[in-house]
Each structure stands twice: as C-alpha cells, then as structure tokens.
A.B. asks: 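Dropping a structure here in structure tokens format, bear with me for questions.
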Amino acid sequence: MTEEAREQLFGQYLTAKKAVAAYGLSEEFEEEQNIGVAANSLAAWATDTRIEHQSNTHIRTVSRDYLPFICATAGAGKTYIFVRYGTDLLKTSANLRATLVTSGAAATPMMAVQSGSMATQQPPTTDDQTVEEIIWRVGTTLTVKYTAKLTARLIELQRAVQEEEPDARGITSNSLQHFIEFLKAYPKLKYPTISITPERNIYASWKAGSDRLFSVHFLHDANIRFVVFRPNDRHPGKTVRLSGAATLDVLMNIVEPLGVLSWAAE
Amino acid sequence: MKGQIVPDSDHVARYCKASTVEGSQIQATAFMLRDREEYLSVNWLEDLNRSDRKSEISALQEIYSRKLSIGTAAQIAVLNVGTLRTKVASETHDTRWLRVLHDPILPEDPSHSGIYNFSSDDEIIAELIAQTVLERYPAKR
C-alpha cells in the first residue's frame with residue numbers, strides 16, 4: 001500500500017472512530033493498523049434487521065448523524081462498527097469473522113481484506129447521493145492531506161444544520177458534491193474554513209488576515225459566486241475587493257491571476 | 001418604533017447559527033440573507049434598556065431560547081452600527097450605505113431590527129460585515 005493510500009485509509013478510520021465515540025462505544029472500538037474494504041458486495045442493506053444466519057446478531061445504524069456507520073452486535077459478544085461504502089462494508093473494528101455479517105437478500109458473505117487502495121473501488125458519483133454518502137467518499141475521492149479533518153468538519157456541519165432547521169434537512173447535496181469536486185481538481189489548495197449559507201449551501205474560505213481572502217459559495221447547480229480580497233500592490237495599505245459569479249469549471253482561471261494561490265495553496 | 005433608524009453610536013446583535021461558526025470565528029455566512037429575504041434580522045441592544053452588556057446578552061439568550069432551536073456552538077455577534085455601515089460604504093464599489101431600522105415584533109421581541117439594502121447574492125457585503133464583529137457570546141445559556 002502506498003503512503004498516500006495508507007493516509008486516506010487512516011483518515012477514514014479516524015472518522016469511523018469519531019462516529020463510534022459519538023455512540024458511546026469507544027471502549028469497544030479496537031485499534032487496527034490495517035483496514036480495508038470488502039471485495040465482495042452485499043446486495044442489499046438493512047438496518048434494524050436480524051441476520052438469519054446468525055440468529056443472535058443484530059445490525060443497526062450507529063446514529064442519525066452517522067448514517068453510513070453500521071453497528072453490529074453479536075449476541076452478548078462484542079459490538080462491531082462498519083461503514084457503508086456503496087454496497088460494500090468497510091471494517092473498522094478488528095477480528096471480524098467473514099461469516100458474521102451477511103446480506104439478508106443475497107446471503108453473500110462479507111470478506112474483510114487487510115490492505116489495498118480503495119480508489120479503484122470508488123463507485124461513480126451521482127446526483128442523488130445523500131450527503132452522508134458524499135461525506136463518506138471524501139476519503140476516497142480526495143488525495144489531500146486533510147481528508148480526516150474535512151470529513152469530521154462536514155459531519156459536524158451536517159449535524160448542526162439538521163439541529164437548526166425544523167425540517168431536519170441537511171446540507172444541499174449538490175452544493176457539497178461540487179465543493180468536493182473542486183477540492184479534487186485543486187489538491188494543492190489548503191484546508192479552507194467551511195460554513196453553511198442560509199440556503200444550506202457550502203461556503204468555503206481561504207483567508208490570510210483581513211486583506212487576503214478567497215471565498216466560494218457553491219450553489220446547488222454547477223454555478224458559484226466568489227469573493228476575493230487582496231492587497232493592492234501599487235498602494236500599500238489599500239485592498240482590492242471584487243466578487244463575481246461563474247461556473248465552477250472556470251473559477252480558477254478567473255481568480256488565479258489575482259494571486260489567490262499565494263495564500264490559498266500550499 | 002417600527003422604521004426608526006438605529007443610531008450609528010448604538011449596537012446590534014446577530015444570532016449566528018452553529019453552522020456559520022468554525023472554531024471561535026464567526027463566518028460571513030452568519031450575515032447572509034436567504035433568497036427573497038428583505039433584511040438581516042438583528043436585535044438593537046440599547047433598546048433592551050439593560051444596564052450592561054452581560055445583561056443585554058442574557059436578555060437575548062432568553063429571547064432566542066423561545067424562538068429558535070439553538071445549536072450548542074451557536075454564537076451572538078455584537079456589532080457597532082456606525083462601524084459596519086461605514087465599513088461597507090467605504091469598501092464597496094457602489095458605496096453601499098446599509099440602513100439599520102427598528103422592526104419590533106410584539107410582544108415577544110420588541111428590540112428586533114433589520115439591516116437593509118443588500119441582497120442574498122451580496123457575499124462581499126456579508127464578508128465585510130463579518131470583519132466588523134466587535135464581540136461574541138454563546139447563544140445558549
């Protein structure tokens with residue numbers, strides 16, 4: 001496994017661990033150096049479904065805030081936490097036996113593998129992905145160093161939005177997806193400050209003091225609005241400020257000549 | 001009184017959702033309007049007729065607890081009216097003068113006011129307002 005792939009997996013591992021902690025199962029979460037993805041797919045998912053082949057095994061979602069995380073309890077034995085990954089399971093707890101969890105529909109045994117990059121197993125993204133699915137895929141979609149931090153922040157924001165809004169809807173999924181695509185296209189960008197607009201869109205900012213700012217509002221379609229503050233090179237103490245609207249694919253063509261990468265990129 | 005201008009010497013407070021705060025920093029998103037929203041809701045602190053800031057914040061926390069589902073990380077941002085108006089006017093290409101007007105909601109929120117003269121696609125104004133935050137306090141008691 002490459003260092004890069006290892007780091008990605010570690011980021012996902014940390015995210016899973018955070019979910020486990022949120023559910024109060026920290027003591028049952030076992031440290032593991034090598035985590036991997038099931039090579040064989042499960043045909044279907046069921047939450048709150050008993051597994052026929054293991055009469056005393058029970059599966060449930062970890063919590064509303066961590067929908068991709070599945071908790072499996074084998075009778076009076078240990079509790080294991082798994083992560084939904086498309087139709088596969090990622091094992092986050094050690095000592096899983098291949099026969100422990102099976103699909104209720106297809107009875108396909110899940111295999112836990114101990115190594116290997118997940119990049120080749122990344123399902124294609126679609127417009128109808130849930131926010132939780134997009135967040136989970138951050139670790140496999142992006143090659144940046146801050147995937148674990150980003151994942152944790154997005155989970156935190158999704159939870160906050162659901163708490164704040166009476167209808168409990170979360171972040172706009174298309175906005176989030178465009179944001180992730182943008183980070184994927186520009187992996188040299190630093191970790192941004194991320195917050196949510198009143199329309200539940202992602203708003204990312206790269207700041208360095210009050211006179212260096214690059215902010216992007218990711219709208220629900222592929223459009224964006226942006227703001228740039230930068231020092232006026234010819235007039236010390238003065239700041240150039242501008243804003244605009246564009247499509248995501250041309251944004252960097254517009255702002256790179258303004259020098260935003262001097263503070264927004266590594 | 002509805003429509004009364006909040007003086008430049010006075011202060012307003014804005015409820016900032018948890019999703020608009022990262023770490024200790026209140027982000028520009030806290031000062032953005034929804035589509036079709038006409039003004040940014042704030043509270044006129046001097047209109048609360050309290051003796052000090054601590055008491056004003058306590059009164060706001062009480063009002064918010066009745067009106068809103070308050071996130072644990074939500075904050076109250078305090079801004080000086082004159083500072084925010086001057087900042088925005090001097091740093092926007094169209095010298096935009098925001099107006100801060102009293103808009104009481106009776107009986108539950110008599111100090112309610114609004115910041116007018118910008119729209120939901122004015123991210124640059126939200127960024128400028130965010131740079132004028134004087135003080136911040138937890139929104140939840």
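Each chain gets a letter, A, B and so on, in the order the sequences are listed, and its residues count up from 1.
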A.B. asks: If you count the non-hydrogen atoms of other residues, nucleotides and ligands that lie under 6.0 Å from NZ in A:K190, is the total more than 12?
C.D. replies: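 Yes, NZ of A:K190 has more than 12 neighbouring heavy atoms, counting only those of other groups under 6.0 Å.
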
A.B. asks: If I take atom CD1 from residue A:I196 and atom CE from residue B:M32, how far apart are they, to the nearest 0.5 angstrom?
C.D. replies: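 It comes to 11.0 Å.
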
A.B. asks: Under a 4.5 Å heavy-atom cut-off, does chain A meet the side chain of B:L68, its backbone, both or neither?
C.D. replies: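 Looking at B:L68, nothing touches chain A.
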
A.B. asks: Taking the side chain from B:E123 and the backbone from A:R225, do they hold a donor-acceptor pair closer than 3.5 Å?
C.D. replies: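 Between the backbone of A:R225 and the side chain of B:E123 there is no qualifying donor-acceptor contact (under 3.5 Å).
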
A.B. asks: Is the number of heavy atoms from other residues, nucleotides or ligands within 6.0 Å of CZ (B:R66) greater than 12?
C.D. replies: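 Enclosed: over 12 neighbouring heavy atoms sit under 6.0 Å from CZ of B:R66.
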
A.B. asks: Does the side chain of B:E91 come within less than 4.5 Å of A:T239's, by heavy atoms?
C.D. replies: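 A:T239 vs B:E91: side chains apart.
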
A.B. asks: Over all heavy atoms of both residues, which pair between B:T20 and A:S195 is shortest? Give the atoms and the distance, please.
C.D. replies: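 Heavy-atom minimum between the residues: CA-CB, 3.9 Å.
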
A.B. asks: Can you tell me which portion of A:F226 sits under 4.5 Å from chain B's heavy atoms? Options are side chain, backbone, both or neither.
C.D. replies: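 Neither part.
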
A.B. asks: Taking all non-hydrogen atoms of both residues into account, name the closest pair between A:L157 and B:S19 and its distance.
C.D. replies: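 Closest approach of A:L157 to B:S19, heavy atoms only: CD2-O, 3.7 Å.
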
A.B. asks: Kindly give the heavy-atom pair with the smallest separation between A:V227 and B:E127, and that separation in Å.
C.D. replies: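 Closest approach of A:V227 to B:E127, heavy atoms only: CG1-CG, 4.2 Å.
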
A.B. asks: Which pair of non-hydrogen atoms, one from A:P198 and one from B:T29, has the smallest distance, and what is that distance?
C.D. replies: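 Smallest interatomic distance, heavy atoms only, reads CD-O, 4.1 Å.
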
A.B. asks: Quick one: pull up CD in B:Q131 and CG in A:L213 and give me the separation to the nearest 0.5 Å.
C.D. replies: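 Result: 7.0 Å between the selected atoms.
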
A.B. asks: Salt bridge or not between A:E163 and B:K140? Use side-chain N to carboxylate O under 4.0 Å.
C.D. replies: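 No salt bridge links A:E163 with B:K140.
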
A.B. asks: Tell me, for A:I171 versus chain B, whether the close heavy atoms (under 4.5 Å) come from the side chain, the backbone, both or neither.
C.D. replies: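 Neither part.
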
A.B. asks: Pick one of side chain, backbone, both or neither for B:A126, based on which atoms fall under 4.5 Å of a heavy atom in chain A.
C.D. replies: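 Contact with chain A is absent: no heavy atom of B:A126 under 4.5 Å.
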
A.B. asks: Any donor-acceptor pair under 3.5 Å linking the side chain of A:E164 with the backbone of B:G71?
C.D. replies: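 Judged by distance alone, no pair lies under 3.5 Å.
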
A.B. asks: Taking atom NE2 as the centre, does A:H220 end up with more than 12 heavy-atom neighbours from other residues, nucleotides or ligands that are less than 6.0 angstrom away?
C.D. replies: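 Not more than 12 within 6.0 Å, no.
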
A.B. asks: For A:R230, enumerate each residue passing the salt bridge (charged side-chain N to carboxylate O under 4.0 Å, His left out) test, keeping only those at least two apart in sequence or located in another chain.
C.D. replies: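 For A:R230, the residues satisfying salt bridge (charged side-chain N to carboxylate O under 4.0 Å, His left out) (neighbours in sequence not counted) are A:D233.
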
A.B. asks: Quick check on B:S120 against chain A: is it the side chain, the backbone, both or neither that has a heavy atom closer than 4.5 Å?
C.D. replies: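 Only the backbone of B:S120 comes within 4.5 Å of chain A.
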
A.B. asks: Which bit of B:D121 is near chain A, if near means a heavy-atom gap under 4.5 Å: side chain, backbone, both or neither?
C.D. replies: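 When you check distances to chain A, atoms from both the backbone and side chain of B:D121 fall under 4.5 Å.
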
A.B. asks: Are the side chains of A:R153 and B:E22 in contact, using a 4.5 Å heavy-atom criterion?
C.D. replies: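 SC-SC contact between B:E22 and A:R153 confirmed.
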
A.B. asks: Are there over 12 heavy-atom neighbours, none belonging to A:R234, within less than 6.0 Å of that residue's CZ?
C.D. replies: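 Counting neighbours around CZ of A:R234, 12 or fewer heavy atoms of other residues, nucleotides or ligands fall under 6.0 Å, so no.
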
A.B. asks: Above 12 or not: heavy atoms from other molecules or residues under 6.0 Å from CD1 of B:I105?
C.D. replies: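 Yes, the 6.0 Å shell around CD1 holds more than 12 heavy atoms from other groups.
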
A.B. asks: Is atom NZ of A:K149 surrounded by more than 12 heavy atoms (other residues, nucleotides or ligands) closer than 6.0 Å?
C.D. replies: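 Result for NZ/A:K149: open.
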
